[in-house]
2 protein chains.
Amino acid sequence: MTDTVRKYALDKIQQKDFNCAKEYTLSMFSGKYKIVILYQLHYDGEMRFGEIQKSLSNATHKVLSQQLKELGEDGLIDRKEGLVNNRKAVFYSLTTTGETLMPIIEMVFSWGTKRLEKLQIDDTTI
Amino acid sequence: MTDTVRKYALDKIQQKDFNCAKEYTLSMFSGKYKIVILYQLHYDGEMRFGEIQKSLSNATHKVLSQQLKELGEDGLIDRKEGLVNNRKAVFYSLTTTGETLMPIIEMVFSWGTKRLEKLQIDDTTI
DNA sequence: CTGTATCCCATTCGATACTG
DNA sequence: CAGTATCGAATGGGATACAG
């Protein structure tokens with residue numbers, strides 16, 4: 001009897017862990033622009049604030065600033081201050097933890113690409 | 001000259017496609033409970049509405065209904081009506097398209113698990 | 001150039017009640 | 001049992017202005 005209870009509890013805990021782990025990961029790049037920022041930093045390497053903003057033509061600088069801050073707090077990107085022409089310059093780059101997300105992001109990209117192609121074909125052949 | 005313009009446009013389109021594809025995929029399971037629902041349906045197979053709800057102890061009736069509806073519209077899950085003891089019974093299951101999301105979900109789960117373990121270790125050793 | 005504060009709007013989710 | 005309608009609360013993001 002205690003065993004069935006224990007088993008139930010273990011299942012419950014595992015269940016919870018499952019959900020938490022998945023939702024935790026999603027929360028890493030669910031903010032607006034986050035997944036794109038990570039993608040850019042991976043392929044372009046270190047980027048300045050303004051460069052990132054230019055690559056996201058629709059991003060407000062307030063929101064971009066927010067997203068970068070959160071990505072930093074989550075340990076996915078690094079922030080370094082420097083000087084360029086005597087003016088403050090901030091450089092962002094992926095951390096090694098951030099790099100470990102790339103395989104997921106690549107899959108997310110390729111799944112979406114294939115799916116959108118498929119949907120387009122379906123649309124035009126109807 | 002027209003070539004540089006064209007190249008720019010292609011880059012732009014590609015860029016846009018990149019962003020769209022990634023964000024499209026994320027939108028597939030960004031709703032509350034969606035990723036968990038997909039995960040459950042994969043491992044438990046066909047499930048009834050009430051069963052899914054039981055497995056998500058915190059899910060409201062209404063929200064669960066919404067999420068299932070959207071997952072259906074996105075072609076990720078199937079909905080079948082039937083009768084059990086002369087009462088309406090609805091069965092949900094993954095479509096083949098839904099199944100193609102599983103590799104991503106597995107990676108999302110395992111990344112989160114490892115990351116949370118790491119963070120816990122870091123916390124307790126500080 | 002980079003970042004923050006404020007205000008507003010839109011969307012999402014929860015609680016509840018109602019239908020077949 | 002499964003689903004919908006309505007309302008209120010919370011959250012996220014856009015616009016703008018301001019600061020170091």
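Note on naming: letters A, B, ... go to the chains in the order of the sequence lines (proteins, then strands), and numbering restarts at 1 for each one.
The nearest whole Å value for the distance from the CZ atom in A:Phe91 to the P atom in C:dG3 is 12 Å. Between the CG atom of B:Leu68 and the C1' atom of D:dG3 there is a distance of 11 Å, given to the nearest Å. In this structure, the CD atom of B:Glu73 is 13 Å from the P atom of D:dG3, given to the nearest Å. In this structure, CG of B:Leu71 is placed 16 Å from C1' of D:dA2, rounded to the nearest angstrom. What separates CD of B:Glu51 from C1' of D:dC1 is a distance of 12 Å, to the nearest Å. Atom CE in B:Met47 sits about 14 Å away from atom P in D:dC1, given to the nearest Å. If you measure from atom CG of B:Leu64 to atom C1' of C:dC13, you get 13 Å, rounded to the nearest angstrom. If you take CD1 of B:Ile37 and P of D:dA2, they are 14 Å apart, rounded to a whole angstrom.
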Using side-chain contact (heavy atoms from CB on, under 4.5 Å), reason through A:Lys118 and A:Lys114 one step at a time and then give a plain yes or no. CA-CA 6 Å; A:Lys118 179 78 163 47; A:Lys114 283 179 203 148; over 6 Å; no
Residue pair B:Leu68, B:Ile52: steps toward the side-chain contact (heavy atoms from CB on, under 4.5 Å) verdict: CA-CA 10 Å; B:Leu68 289 171; B:Ile52 300 176; 4.1 Å; yes
Quick one, A:Glu81 with A:Lys88, criterion side-chain contact (heavy atoms from CB on, under 4.5 Å). Give me CA distance, side-chain angles, the key distance, then yes/no. CA-CA 7 Å; A:Glu81 298 200 1; A:Lys88 189 172 95 175; 4.0 Å; yes
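Side-chain contact between B:Ile105 and A:Lys22 is present, with at least one heavy-atom pair separated by less than 4.5 Å. In this structure the side chain of B:Thr97 never reaches within 4.5 angstrom of the side chain of B:Asp74, judged on heavy atoms.
The phosphate of D:dA2 has OP1 or OP2 within less than 4.0 Å of a side-chain N or O from B:Arg48. OP1 or OP2 of D:dG3 has at least one side-chain nitrogen or oxygen of B:Arg79 nearer than 4.0 Å. For C:dG20, neither phosphate oxygen OP1 nor OP2 lies less than 4.0 angstrom from any side-chain nitrogen or oxygen of B:Arg87. Of the side-chain N and O atoms in B:Ser65, none sit less than 4.0 angstrom from OP1 or OP2 of D:dA2.
Sorted by first and then second residue, the salt bridge (Lys or Arg N to Asp or Glu O under 4.0 Å) pairs with a member in residues 39-65 of chain A read A:Glu46-A:Lys80; sequence neighbours excluded.
Contacts of A:Tyr92 with the nucleic acid, taken as non-hydrogen atoms under 4.0 Å apart, involve only primed sugar atoms and P, OP1 or OP2.
Note on the helix from C:dC1-D:dG20 to C:dG20-D:dC1: terminal axis deviation equals 40°, with five pairs used at each end and the result rounded to 10°.
Judged by distance alone, with hydrogens and angles left aside, the side-chain atoms of A:Thr113 form no donor-acceptor pair with the main-chain N or O of B:Ala21 at under 3.5 Å. Formation of a donor-acceptor pair under 3.5 Å by the A:Glu99 side chain with backbone atoms of A:Leu94 is not found in this model.
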Under 3.5 Å, which N/O atoms of the protein pair with N/O atoms of nucleotides 12-20 of chain D?
from   : atom 1 : to      : atom 2 : distance (Å)
D:dG13 : OP1    : A:Lys32 : N      : 2.9
D:dG14 : OP1    : A:Lys32 : NZ     : 3.2
D:dG14 : OP1    : A:Tyr33 : OH     : 3.3
D:dG14 : N7     : A:Lys62 : NZ     : 3.4
D:dG14 : O6     : A:Lys62 : NZ     : 2.7
D:dA17 : N6     : A:His61 : NE2    : 3.4

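Between B:Phe49 and B:Tyr92, the two ring planes are tilted [angle within 30° to 60°].
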